[in-house]
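For reference, the structure is listed below as structure tokens.
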Amino acid sequence: MTKQMKFTSPPKSIEELKHRMDLIAGLSLGEIADELEVEVPENLLVDKGWGGQLIEAYLGATAGNLPEPDFQEIGVELKTIPISSEGKPLETTFVCVAPLSPVLGETWKTSTVFKKLQHVLWVPIVSDKHIPIPHRQIASPFLWRVEDQDESVFESDWNELTDLIVYGKHDEITAKHGEHLQLRPKAADSSVRTSGIDREGKPVLAPPKGFYIRTSFTKQLLNQQFQLEN
DNA sequence: GCGTGATCATTG
DNA sequence: CAATGATCACGC
């Protein structure tokens with residue numbers, strides 16, 4: 001994504017964000033790219049985050065790569081979610097990286113996962129593989145709060161995964177752990193290492209992992225949202 | 001090098 | 001063909 005990207009000023013209220021949500025519903029990625037005067041990539045092979053960054057720029061997200069919600073002033077996290085034309089999620093949703101060294105005094109409520117999922121603007125994009133990128137269309141964006149839905153599941157998933165990290169067992173964690181949240185590799189390649197602790201509590205280097213939301217959860221979220229719309 | 005934005009590619 | 005594990009670009 002690119003250097004000459006124009007930025008919309010950040011929304012100052014939820015109401016203003018909602019207004020922008022109405023404006024982008026139904027737009028194609030090509031239309032938005034035209035307005036922002038950026039080029040659309042042929043495919044996402046070498047620009048996987050392009051769509052998300054395009055929408056961020058268009059809606060005025062400001063958090064950059066800080067581990068904070070995208071819309072800092074109003075505490076809202078933006079997540080694009082690729083969906084099929086039938087409305088099913090096509091990918092899991094990345095939330096944030098997981099610290100492989102325990103954070104002193106960390107709890108679910110103080111975690112980065114909670115901070116990000118506290119208030120989320122979901123922007124579904126119809127992204128069937130056969131649809132050229134510029135023709136991919138934004139469906140109806142909607143707001144969601146984890147505290148209104150399944151928070152206990154997210155919390156126990158977070159506790160389970162965090163416990164394993166605390167006991168130095170991050171190397172035993174696979175994507176199979178967790179009902180809604182899972183931990184999967186998150187790095188440029190398999191040679192990357194980050195600092196963690198082993199079972200004795202000593203520092204070790206290990207492959208970085210990130211928290212992701214399973215498609216089984218976003219599928220029910222989208223279904224429920226679809227019911228509301230119809 | 002780390003965390004952001006994610007999707008790709010291989011496996012079961 | 002869904003799920004897991006691996007990977008790509010960017011900003012700082």
Side-chain angles (χ1 to χ4, degrees), chain A residues 1-5 7 10 29 32-33 36 38-72 76-84 86 88-101 103 111-113 115-117 120-133 136 138 157 161 170-196 203 205-220 222:
Chain A
M1 182 118 244
T2 142
K3 308 81 196 172
Q4 67 271 19
M5 171 72 83
F7 281 76
L29 296 184
I32 294 177
L36 294 179
V38 302
E39 286 190 16
V40 183
E42 276 299 306
N43 56 61
L44 300 178
L45 284 171
V46 294
D47 218 344
K48 299 177 179 180
W50 184 83
Q53 290 165 336
L54 182 78
I55 306 300
E56 278 192 343
Y58 197 61
L59 290 177
T62 55
N65 68 334
L66 299 174
E68 296 176 13
D70 295 295
F71 302 104
Q72 300 166 293
V76 174
E77 171 74 10
L78 171 65
K79 288 293 174 203
T80 57
I81 172 75
I83 62 172
S84 69
E86 290 77 39
K88 294 194 301 181
L90 295 174
E91 294 289 346
T92 54
T93 303
F94 172 71
V95 180
C96 60
V97 297
L100 298 186
S101 308
V103 176
S111 69
T112 304
V113 176
K115 284 176 187 155
K116 294 226 170 193
L117 299 188
V120 178
L121 170 58
W122 293 94
V123 179
I125 301 174
V126 182
S127 304
D128 299 270
K129 283 291 187 181
H130 65 86
I131 305 177
I133 311 247
R136 295 184 184 179
I138 297 178
D157 286 346
L161 295 164
H170 50 79
D171 57 340
E172 290 179 10
I173 299 175
T174 73
K176 297 184 194 308
H177 292 84
E179 184 178 338
H180 288 348
L181 287 175
Q182 62 181 175
L183 219 49
R184 304 220 308 279
K186 173 62 176 175
D189 60 65
S190 56
S191 73
V192 177
R193 293 293 182 273
T194 190
S195 54
L205 292 177
K209 291 175 182 286
F211 285 100
Y212 293 79
I213 301 173
R214 293 184 181 278
T215 52
S216 54
F217 176 77
T218 44
K219 183 180 178 182
Q220 38 167 76
L222 289 163

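None of the values given here were measured: they were computed from a predicted structure. In what follows, every chain begins at residue 1, and chains take the letters A, B, ... in the order their sequences are listed.
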- [ ] Count the heavy atoms of every other residue, nucleotide or ligand shown that sit under 6.0 Å from CD of A:Q72, and state whether that count exceeds 12.
- [x] yes
Task: Interatomic distance, A:I32 atom CD1 to A:I138 atom CD1 [nearest 0.5 angstrom] - done: 3.5 Å
Open item on the list: Can you tell me if A:T215 touches the phosphate of C:dA3, counting only side-chain N or O atoms and a distance under 4.0 Å to OP1 or OP2?
Closed with: yes
Open item on the list: Among A:T80, A:D70, A:L59, which residue satisfies the side-chain contact (heavy atoms from CB on, under 4.5 Å) criterion with A:L121?
Closed with: A:L59
Open item on the list: Each nucleotide in nucleotides 2-9 of chain B should get exactly one letter: B, S or -. Can you fill that in based on protein heavy atoms under 4.0 Å?
Closed with: SBBBBBBS
Open item on the list: Looking at every non-hydrogen atom in both residues, tell me the closest pair between A:R214 and A:E179 and how far apart they are.
Closed with: CD-O, 3.0 Å
- [ ] Assign each of A:V46 and A:A175 to its nearest nucleotide of DNA chain C by heavy atoms, then name whichever residue's nucleotide is nearer the 5' end.
- [x] A:A175
Open item on the list: What is the distance, to the nearest angstrom, from the CG atom on A:L181 to the P atom on C:dT4?
Closed with: 13 Å
Open item on the list: Minimum heavy-atom separation for A:A98 and A:F211, please, with both atom names.
Closed with: CB-CE1, 3.5 Å
Open item on the list: Using whole Å, what does the distance between atom C1' of nucleotide C:dC10 and atom CD1 of A:I55 come to?
Closed with: 17 Å
- [ ] With A:I213 as reference, evaluate A:V113, A:L117, A:T92 under the side-chain contact (heavy atoms from CB on, under 4.5 Å) test and give the passing residue.
- [x] A:L117
Task: Whole-Å distance separating the CZ atom of A:F217 from the P atom of C:dA3 - done: 15 Å
